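Scroll down for the structure; my scribbles are underneath it.
Atoms within a ligand are numbered from 1 in the order they appear, just like the ligands themselves. This one's a predicted model, so the numbers in the text were calculated from it and none came from an experiment.
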Amino acid sequence: MLIQACNQVCIVGAGPAGMVLSILLARQGIPVNLLEAQADFNREFRGDTLHASSLEILDELDYAEPVLRLCHARINKFRLSGISNRITLADFSLLESSFPFVALIPQEKFLTFLSGEADKLPSFRRIMNATAHQLIIKNDRVCGVAYMKDGAMHEVHACLTVGADGRGSGIREKAQIKLIKTTPPMDVIWFKLPKEHDPRTENATGGRFGIGTMLAMLDRDHEWQLGFVIMKGSYKTLREKGMPAFHDELLKLAPELKASLQYLQDWSQCSILSVVTGRAQHWYKPGLLLIGDAAHVMSPVGGVGINYAIHDAVAVANILTGPLLAGDIKESDLAAVQKRREPSIRFIQTVQSIMQKLIISSALRSGRPFNPPVLLRLLSRFTTFQRKMAYLLAYGLRPEALKYR
Ligand SMILES: Cc1cc2nc3c(=O)[nH]c(=O)nc-3n(C[C@H](O)[C@H](O)[C@H](O)COP(=O)(O)OP(=O)(O)OC[C@H]3O[C@@H](n4cnc5c(N)ncnc54)[C@H](O)[C@@H]3O)c2cc1C
């Protein structure tokens, strides 16, 4: 099947980056085909945090109110709990925003909502269960993709192809764009547990530190999403100690999990996530652009990846809507996107890397009860510091604002 195209855009990947970009372009009447490999948005390894800057963008699109109805918790503070210390790293309630908090919204619900809004736009077409396999290249220019659906190959031709296909981007690989990888010293054991309603466990999202251990807890109202952080390569040793020993470790960090832990009986309920971060050397080639995790693989630290994906989409729409409407996309337009977004990405990845080294890695290496570094403990006593950290996580170096609605 051949879809005829002229000023068409083909976006690969319906994560936050691809979904938001589809909406922004289709709202301007630009024809968009969005390909998504999965049949739905129910994906396991996704975070839930939407920061003020993204909520402000959604508000400008009149989506903030319905999106916040999907929200099951609002985090006001990011806290680090050591054995004898609890510090507030960032206080979002101090932000001058209509949304002075971090909204916890399951990505499945968030993306399902956005796809419903996108489906209302006449120039938008969503193709699920469609896995992009090849780039279509003519005269050294990417002109679309070949994708597999229902056992057959199809083609979408486009004047701009956007790789928004996440951390393991096949589009990046097919385009032979190199990812400069950095490997944080940690892996994460990722698993869910049912959560009973108990006032003591409300709003328990945060990080807990023990002796050489760390647990990230996401309170998803009726369930816990838990990330037990370990030194890279130490999963085998943990498994050899057995499930009861793992329960003991978890209970030391979070005694309130006692009732829920009866549902964790087998290692097959856990996934081991190798945390990798990195940046693509070039985000573009003639006719092709990478955004979101495809262009910069984000660490889960600080829960900012979704927000940077959304901000990429806004920058692309701001820079490329004009050229797309004129049917004249140049390589320099694509270069302008990388130029605009790369400093913000470099900045936040540096902040994440410092946090990984200073806090997480030193906590995991230490054989003693971990407490946050003295300087951090001192600084965290000042509300100015808590506000600055909240601003940094919520807005980063250079937040994007919509030019087109
Ligand atoms: C364990 C973990 C926890 C995290 N927690 C948080 C958090 O709490 N908050 C936060 O902000 N960030 C978090 N992040 C980071 C965040 O999930 C990512 O930064 C964000 O999802 C990137 O969005 P994206 O749209 O670029 O890519 P993705 O969300 O990865 O979406 C890519 C999409 O492309 C599709 N796709 C892939 N290949 C193809 C193909 N060939 N054809 C068609 N479709 C394809 C995929 O199915 C997927 O739907 C976490 C990451 C990890 C690993």
Is there side-chain contact between Ser115 and Phe41, with at least one heavy-atom pair below 4.5 Å? yes
Would you mind running through ligand 1 and noting each atom that sits below 4.0 Å from a heavy atom of Pro300? 3 (C), 4 (C)
Please confirm whether Gly303 comes within less than 3.5 Å of ligand 1 when only nitrogen or oxygen atoms on both sides are compared. yes
Output the list of atoms in ligand 1 that are nearer than 4.0 Å to some heavy atom of Gln38, sorted by atom number. 47 (O)
How far apart are the closest heavy atoms of Leu289 and Leu334, and which atoms are they? CD1-O, 4.1 Å
Is the contact between Ala164 and ligand 1 made by the side chain, the backbone, both, or neither, using heavy atoms and a 4.0 Å cut-off? backbone
Going by the atom numbers of ligand 1, which of them fall below 4.0 Å from some non-hydrogen atom of Leu273? 1 (C)
Counting from 1 in the order shown, the ligand 1 atoms closer than 4.0 Å to a non-hydrogen atom of Ala130 are 42 (N), 43 (C)
Who gets closest to atom 21 (O) of ligand 1 by heavy atom: Gln107, Met19, Met128? Gln107
I'd like to know whether Phe110 forms a side-chain contact (heavy atoms from CB on, under 4.5 Å) with Leu114, so could you lay out the CA-CA distance, the side-chain angles of the two residues, the decisive distance to 0.1 Å, and finally the verdict. CA-CA 6 Å; Phe110 179 52; Leu114 290 180; 3.6 Å; yes
Does the ring centre of Tyr395 sit less than 6.0 Å away from the ring centre of His51? no
Heavy atom under 4.0 Å from ligand 1: found in Ala132's side chain, backbone, both, or neither? both
Using side-chain heavy atoms (C-beta onward) and a distance below 4.5 Å, is Arg398 in contact with Arg341? no
Regarding ligand 1, does Gly305 bring an N or O atom to under 3.5 Å of one of the ligand's N or O atoms? yes
Of Gly292, Gly170, Pro16, the one whose closest heavy atom lies nearest atom 23 (O) of ligand 1 is Pro16
Atom CD of residue position Glu65 - does it have more than 12 heavy atoms of other residues, nucleotides or ligands inside 6.0 Å? no
side-chain contact (heavy atoms from CB on, under 4.5 Å) test vs Met355 passes for just one of Ile360, Thr350, Leu89, namely Leu89
What atoms of ligand 1 come closer than 4.0 angstrom to any heavy atom of Ala309? 23 (O)
Between Arg208 and Glu256, is the closest basic N to carboxylate O distance under 4.0 Å? yes
Look only at interatomic distance and state if Ala17 has a nitrogen or oxygen under 3.5 Å from any nitrogen or oxygen of ligand 1. yes
At less than 4.0 angstrom from any non-hydrogen atom of Asp48, what atoms of ligand 1 do you find? 7 (C), 8 (O)
Honestly, for Trp190 the part within reach of ligand 1 (heavy atoms, under 4.0 Å) is side chain
Val12 versus Ile171: any side-chain heavy-atom pair under 4.5 Å? yes
What part of Val188, side chain from CB on, backbone N/CA/C/O, both or neither, has a heavy atom under 4.0 Å from ligand 1? neither
Who gets closest to atom 16 (C) of ligand 1 by heavy atom: Val304, Ile310, Ile306? Ile306
Within ligand 1, which atoms have a heavy atom of Thr131 less than 4.0 Å away? 41 (N), 42 (N)
Could you list the residues that satisfy side chain to side chain donor-acceptor pair (under 3.5 Å) with Ser234, not counting sequence neighbours? none
Ligand 1 and Arg167, any nitrogen or oxygen pair closer than 3.5 angstrom? no
Touching ligand 1 at all, Val12? Heavy atoms, strictly under 4.0 Å? yes
Phe92/Phe99 aromatic ring centres below 6.0 Å: no
Which pairs pass side chain to side chain donor-acceptor pair (under 3.5 Å) with one or both residues in residues 282-297, sequence neighbours excluded? His296-Asp312
Can you find an N or O of Asp293 that's nearer than 3.5 Å to an N or O of ligand 1? yes
Check whether any heavy atom of Gly227 sits under 4.0 Å from an atom of ligand 1. no
Over 60° means perpendicular and under 30° means parallel, so tell me whether Trp267 and Tyr235 are parallel, tilted or perpendicular. perpendicular
